[in-house]
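Some notes on the structure that comes next.
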Amino acid sequence: MIINPENVPNSIGSNYPQQFKSAVSGRVKKRLGDAAGLKNFGVNLVRLAPGSCSALRHWHTCQDELIYVLEGDVSLVTNSGEQVLKPGMVAGFPAGDADGHHLVNRTNSDVVYLEIGERSPGDSVNYPEYDLIAKFIGNGWIFTHKNGDIYED
């Protein structure tokens, strides 16, 4: 199936609990994988406004992730520190590797990148700097505190 990204609706906002949503308020996704009918993995074309993050710093138990930078310079923050990724650069994050990561746009221009990830049943996401865990159950994510209590918005 051929997809024109211009015809794919923008997805804004986040399903994070309310207190965490502001970190990604400048993130706009086009869910290309959904538009193409893909079931086993997702592909998103993401535009990240200045000052915004791709996500809270995190790592997945079951999902491999890959990002490919198309436009702009973006800071990749991992357990090892921070480095700038430029257009054409790729970063991959294997499932189960407890290397928390996210992208931060520290420039004055938008950043555009592709993100690709599995849709693995039983996946959970750990957020090392926050009292937050996400679990993929059915068709969606449930957010809990690290003690297992569910976040109530």
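In this text the structure is predicted, and so the values were computed from the model without any measurement.
Side chains of D123 and T61: a donor-acceptor N/O pair is present below 3.5 angstrom, by distance only. Remark: the N10 side chain and the K30 side chain contain an N/O donor-acceptor pair separated by less than 3.5 Å.
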Q) Can you check ring-ring contact (aromatic ring centres under 6.0 Å, His included) on Y68 and Y113, steps first, answer last? A) CA-CA 5 Å; Y68 177 73; Y113 60 93; over 10 Å; no
Q.
Please determine whether side-chain contact (heavy atoms from CB on, under 4.5 Å) holds for the pair L85 and D73, giving the CA-CA distance in whole Å, both sets of side-chain angles, and the decisive distance to 0.1 Å.
A. CA-CA 6 Å; L85 301 180; D73 294 350; over 6 Å; no
Q: Check the pair L76 / V74 against side-chain contact (heavy atoms from CB on, under 4.5 Å), numbers first and verdict last.
A: CA-CA 6 Å; L76 170 63; V74 66; over 6 Å; no
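By the rule that hydrophobic residues join a cluster once side-chain heavy atoms approach within less than 4.5 Å of another member, F20 and V24 end up as members of one cluster.
Put simply, the side chain of V8 reaches to within 4.5 Å of the side chain of I3, judged on heavy atoms. Contact annotation: the side chain of V112 approaches that of L45 to within less than 4.5 Å [non-hydrogen atoms, C-beta and beyond]. Inter-residue side-chain proximity for V43 and L114 is flagged as met; some heavy-atom pair is nearer than 4.5 Å. Taking 4.5 Å as the limit, every side-chain heavy atom of Y151 sits out of range of all side-chain heavy atoms of I133. With contacts defined as side-chain heavy-atom distances shorter than 4.5 Å, the pair V90/L66 qualifies.
Listed here is the closest heavy atom pair of P128 and K146: O-NZ, 3.7 Å. Heavy atoms only, all atoms of each residue included: I67 and E115 are closest at CG2-CB, 4.0 Å. Between C62 and G122, the shortest heavy-atom contact is SG-O, 3.9 Å. Nearest heavy-atom pair, T107 versus P50, reported as atom, atom and distance to 0.1 Å: O-CB, 3.1 Å.
Separation of atoms CG (L56) and OH (Y127) is listed at 6.5 Å; rounding is to 0.5 Å. Annotation: the span from L48 atom CG to S75 atom OG amounts to 10.5 Å, rounded to 0.5 Å. One distance of note links CG of D97 with CG of D64; it measures 10.0 Å at 0.5 Å rounding. The line from CG of L32 to CG of L38 is 9.0 Å long, rounded to the nearest 0.5 Å. One finds the NE2 atom of H102 at 7.0 Å from the CZ atom of R57 (value rounded to the nearest 0.5 Å). The line from CZ of F136 to OG of S124 is 12.0 Å long, rounded to the nearest 0.5 Å.
Environment of CG in N4: crowded, with over 12 heavy atoms of neighbouring residues, nucleotides or ligands closer than 6.0 Å. For N147, the CG atom is densely surrounded, since the number of other residues' heavy atoms within 6.0 Å is greater than 12. Within a 6.0 Å radius of CG in L70, other residues, nucleotides and ligands contribute more than 12 heavy atoms. The local environment of CZ in F41 is sparse, with at most 12 non-hydrogen atoms from other residues, nucleotides or ligands closer than 6.0 Å.
Within the structure, salt bridge (Lys or Arg N to Asp or Glu O under 4.0 Å) contacts touching residues 31-52 (residues at least two apart or in different chains) are D34-R119, R47-D110.
The aromatic rings of Y16 and F143 sit perpendicular, their planes meeting at an angle over 60°, well past the 30° parallel limit.
By the ring pair (Phe, Tyr, Trp, His ring centres under 6.0 Å) test, H101 is found to be paired with H58, F93, residues two or more places apart in sequence or in another chain being considered. Taking R27 as the reference, nothing meets the salt bridge (charged side-chain N to carboxylate O under 4.0 Å, His left out) condition, with sequence neighbours excluded.
The backbone N or O of G26 lies less than 3.5 Å from a partner atom in the side chain of S52, making a donor-acceptor pair. Put simply, the side chain of Q63 gets close to the backbone of E118: a donor and an acceptor are under 3.5 Å apart. Within the 3.5 Å criterion, the main-chain N or O of N79 finds a donor-acceptor partner in the side chain of D99. A distance-only check finds no donor-acceptor pair linking the side chain of K29 to the backbone of G13 [under 3.5 Å].
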